[in-house]
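Data block below; observations after.
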Amino acid sequence: MSIPNVRRFRITSPEGKVATLMAVVPKGTDIDAYLAEASKRFDWKAWEELQQKQFKIRVGQQKQKKVK
């Protein structure tokens, strides 16, 4: 099930990183002002840490020993 009227917006950090923001915006709202405020309030440090945890680079393969 999804939430009706949810729109996806792409916001950019001051460093140029891009994140996706999902929001339900009421009619008559200035979208540009909303996105500018949202990008200022967005926790870019936590988002970047989450991205690093999500995409770990695996070096080599570990072999598992079979226990008899």
Which pairs would a plain distance check flag for residues 4-23, meaning a side-chain donor or acceptor within less than 3.5 Å of a matching protein atom at least two apart in sequence or in another chain?
{"unit_1": "Arg10", "atom_1": "NH1", "unit_2": "Thr20", "atom_2": "OG1", "d": "3.2"}
{"unit_1": "Ser13", "atom_1": "OG", "unit_2": "Glu15", "atom_2": "N", "d": "3.3"}
{"unit_1": "Ser13", "atom_1": "OG", "unit_2": "Gly16", "atom_2": "N", "d": "3.3"}
{"unit_1": "Ser13", "atom_1": "OG", "unit_2": "Lys17", "atom_2": "N", "d": "3.0"}

Task: Point-to-point distance, once rounded to the nearest 0.5 Å, from CH2 of Trp44 to CD of Gln51 - done: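 Reported to 0.5 Å precision, the distance equals 10.0 Å.
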
TODO: Give a yes or no answer on whether the side chain of Ser39 reaches the backbone of Leu35 with a donor-acceptor pair at less than 3.5 Å.
DONE: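 Side chain of Ser39 to backbone of Leu35: a pair is present.
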
Open item on the list: Give me each pair satisfying salt bridge (Lys or Arg N to Asp or Glu O under 4.0 Å) with a member in residues 34-47, each pair once, sequence neighbours excluded.
Closed with: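 Output for this query lists Glu37-Arg41.
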
Task: Partners passing side-chain contact (heavy atoms from CB on, under 4.5 Å) against Asp32 (at least two apart in sequence or in another chain) - done: Asp30

